[in-house]
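Atoms considered below: every heavy atom in the structure, side chains included; atoms not considered: hydrogens, waters and symmetry mates.
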Amino acid sequence: MTDNNNNRIIIFDTTLRDGEQSPGATMTPEEKVMIAQALDQMGVDVIEAGFARASDGDFNAISNIAKKVKKATVCSLARAIKADIQAAADAIKAAPKQRIHTFISTSPLHMKHKLNMEPEAVLEKVTESVSFARNLCDDVEWSAEDATRTDHDFLYACVEAAINAGARTINLPDTVGYTIPSEYARLIQLVKEHVPNSDKAIFSVHCHNDLGLAVANSLSAVDAGARQVECTINGLGERAGNAAMEEVVMALRTRNDILPYETGIDTTHITRLSKLVSTVTGFAVQNNKAIVGANAFAHESGIHQDGMLKHKGTYEIMTPDSVGLHASELVLGKLSGRHAFKNKLEELGLELGDNAFEDAFVRFKALADKKKHLYDEDIIALIDNSAMTEKQVNKFVSLKVVCGSEGDPEVNLTLQIDGQEQQATASGTGPVDALFSAIKQIVPHGGHLKLYQVHAVTGGTDAQAEVTVRLEKEDKVVTGHGCDTDTLVASAKAYLNAVNRLLTLGATNK
Ligand code: KIV
Ligand code: ZN
């Protein structure tokens with residue numbers, strides 16, 4: 001029996017599964033582990049680590065996550081197919097807490113055109129798939145895909161069957177982002193009222209943002225009795241994305257007077273997670289995005305600034321500190337030693353093994369030599385970026401660039417390929433164009449540039465540049481990262497990182 005009336009909301013993060021389904025948002029297995037560990041530290045209850053049967057890569061990423069996550073339940077998605085469910089169970093088996101999430105479409109449109117199945121056959125599949133999953137795992141979640149466009153009586157029958165077969169969590173997704181808050185709340189209430197065994201399951205919501213209502217719909221469903229919210233960092237996800245976790249959690253916290261629910265999230269991790277996911281995926285966060293946008297806590301107009309000086313509450317409903325956004329403070333310099341560096345990492349919640357710490361310290365010293373003032377953001381970028389770019393087959397060595405308003409820019413680049421240094425010179429319409437041509441000369445790869453993005457880690461002209469490059473070749477899309485105080489060096493590193501990833505995926509050198 002499950003207590004649906006308590007006020008604890010289970011946060012189910014699907015950044016690594018639904019989030020990764022955003023076109024172009026592919027993440028490497030190492031990056032997925034990094035994000036999963038950060039979500040675990042943040043206090044997420046359930047991490048949907050992927051769809052185990054999608055590919056060997058997905059399976060391995062989920063099993064690596066299962067080995068690393070300490071507190072959260074690790075979950076894998078599975079269609080209502082035995083091989084999918086078995087793969088899910090196998091992938092999560094190293095996790096201390098495991099969940100299988102199986103789903104099937106229940107709306108007339110999906111059953112007819114996508115599944116080509118009669119409702120009776122779908123209902124049988126619900127029982128069959130959930131029972132099979134329950135034999136492999138105690139914690140089973142069942143989702144009625146396209147629930148918000150499903151006939152209510154049929155939905156009640158499916159939910160009852162899933163609970164009878166052993167599902168502990170019932171998810172009613174708004175798969176196409178079609179519903180509105182009042183209608184969704186009513187759906188949750190109706191299902192709870194009409195399904196005789198509804199008290200034996202926790203109700204979950206999973207909202208897509210096609211009409212910009214994903215967060216509002218999720219909150220409305222919570223008020224109607226849902227106790228699990230499925231969401232993603234930065235609202236990443238299919239099409240317009242999923243409900244943004246940071247918005248759901250901060251709305252529950254800030255309006256606790258009328259939304260008296262608790263989550264287990266340590267909200268001070270929000271800013272770091274948002275930056276990490278944005279860097280890894282290359283999906284920039286819009287400046288005016290709630291909670292995590294660059295302007296979310298900025299006060300521009302004179303009247304607002306005046307109000308803020310008199311009392312912060314005039315224009316601020318939550319503090320930047322509460323989401324882990326601190327004013328850039330000078331933290332370390334080139335005289336800081338191992339001890340200070342270690343303390344800083346601990347303070348930032350960054351856990352490194354001994355070898356990784358030594359590597360990071362060497363890179364920190366090199367950065368401190370180049371950049372006088374080092375801030376928290378610099379340290380975070382240094383650690384996150386090196387985790388994303390480790391194990392490079394081809395390495396950056398050096399770069400000389402001549403450019404300006406006279407003549408074509410020229411670059412002279414040296415890379416290390418299989419341990420041997422190779423040089424190329426190239427010109428182009430701009431220095432970045434010339435640089436990428438030089439890399440192509442040394443490492444021909446045939447990938448097409450889909451994204452080139454530069455982001456300054458801190459303010460100031462000596463800021464490190466964090467560059468993201470996305471390359472596409474045939475059906476493969478990769479994202480590369482590079483960070484340096486010199487924007488062109490960062491660009492070279494990011495482009496080379498993307499090329500290395502293409503080569504690792506087995507894309508041919510054409
Ligand atoms: O949007 C959706 O319906 C889903 C399900 C697989 C839960 O992502
Ligand atoms: Zn979804």
Side-chain angles (χ1 to χ4, degrees), residues 13-42 44 47-50 57-58 60-62 64-65 68-69 231-238 241-242 244-246 269-286 289 292 324 348-352 356 360 377 379-392 450-457 464-472 476-484 490-491 493-502 504-505:
D13 180 275
T14 183
T15 308
L16 299 173
R17 198 277 297 168
D18 216 323
E20 210 211 11
Q21 287 174 216
S22 311
T26 44
M27 309 174 206
T28 65
E30 293 78 18
E31 288 166 349
K32 287 184 181 176
V33 169
M34 220 165 113
I35 292 175
Q37 286 180 305
L39 290 169
D40 195 27
Q41 282 171 20
M42 170 190 223
V44 162
I47 298 173
E48 187 162 55
D58 286 59
N60 293 335
I62 300 170
N64 289 341
I65 290 170
K68 292 280 165 62
V69 163
C231 44
T232 58
I233 298 289
N234 296 341
L236 208 64
E238 284 268 3
N242 289 64
M245 189 228 276
E246 61 279 5
H269 289 235
I270 284 177
T271 299
R272 169 162 185 242
L273 253 305
S274 166
K275 284 196 175 139
L276 182 60
V277 169
S278 153
T279 309
V280 163
T281 57
F283 277 53
V285 172
Q286 80 202 44
K289 159 89 177 62
V292 289
L348 294 171
L350 299 166
E351 284 173 23
L352 298 185
E377 292 90 328
I379 309 295
I380 293 171
L382 183 101
I383 303 298
D384 287 348
N385 213 273
S386 60
M388 283 182 254
T389 55
E390 67 183 7
K391 294 197 226 131
Q392 300 270 301
K450 288 284 162 193
L451 174 84
Y452 168 70
Q453 190 172 275
V454 184
H455 158 81
V457 172
Q464 292 190 85
E466 215 167 28
V467 176
T468 309
V469 165
R470 189 173 301 137
L471 293 177
E472 187 180 74
K476 300 188 171 71
V477 180
V478 292
T479 306
H481 310 281
C483 195
D484 201 276
S491 304
K493 288 180 177 172
Y495 193 89
L496 190 62
N497 182 226
V499 171
N500 282 337
R501 286 178 175 191
L502 263 189
T504 313
L505 286 180

Does any non-hydrogen side-chain atom of [Y] lie less than 4.5 Å from one of [X]?
| X | Y | result |
| --- | --- | --- |
| M245 | V44 | yes |
| T479 | T281 | no |
| N234 | S278 | yes |
| V467 | H481 | no |
| D13 | I233 | yes |

Could you list the residues that satisfy salt bridge (Lys or Arg N to Asp or Glu O under 4.0 Å) with [X], not counting sequence neighbours?
| X | result |
| --- | --- |
| D484 | K370, K493 |
| E238 | none |
| K450 | E472 |

Holding to side chain to side chain contact (heavy atoms under 4.5 Å, CB included), I want the full list of residues that pass it with [X], two or more places apart in sequence or in another chain.
| X | value |
| --- | --- |
| H455 | E466 |
| K275 | T271, E377 |
| L451 | Q453, T468, R470 |
| N64 | V33, K67 |

key: Cationic N near anionic O, under 4.0 Å, R272 to D384   = yes
Who passes side-chain hydrogen bond (donor to acceptor under 3.5 Å, both in side chains) against [X], sequence neighbours left out?
| X | value |
| --- | --- |
| R17 | Q21, E48 |
| T232 | none |
| N242 | D18, H206 |

request  = In sequence, state the C-alpha distance, the side-chain angles, and the governing distance for K32 and I47, and then conclude on side chain to side chain contact (heavy atoms under 4.5 Å, CB included).
outcome  = CA-CA 11 Å; K32 287 184 181 176; I47 298 173; over 6 Å; no
ask   = In chain order, what residues pass the ring pair (Phe, Tyr, Trp, His ring centres under 6.0 Å) check against Y452, with sequence neighbours excluded?
value = F436
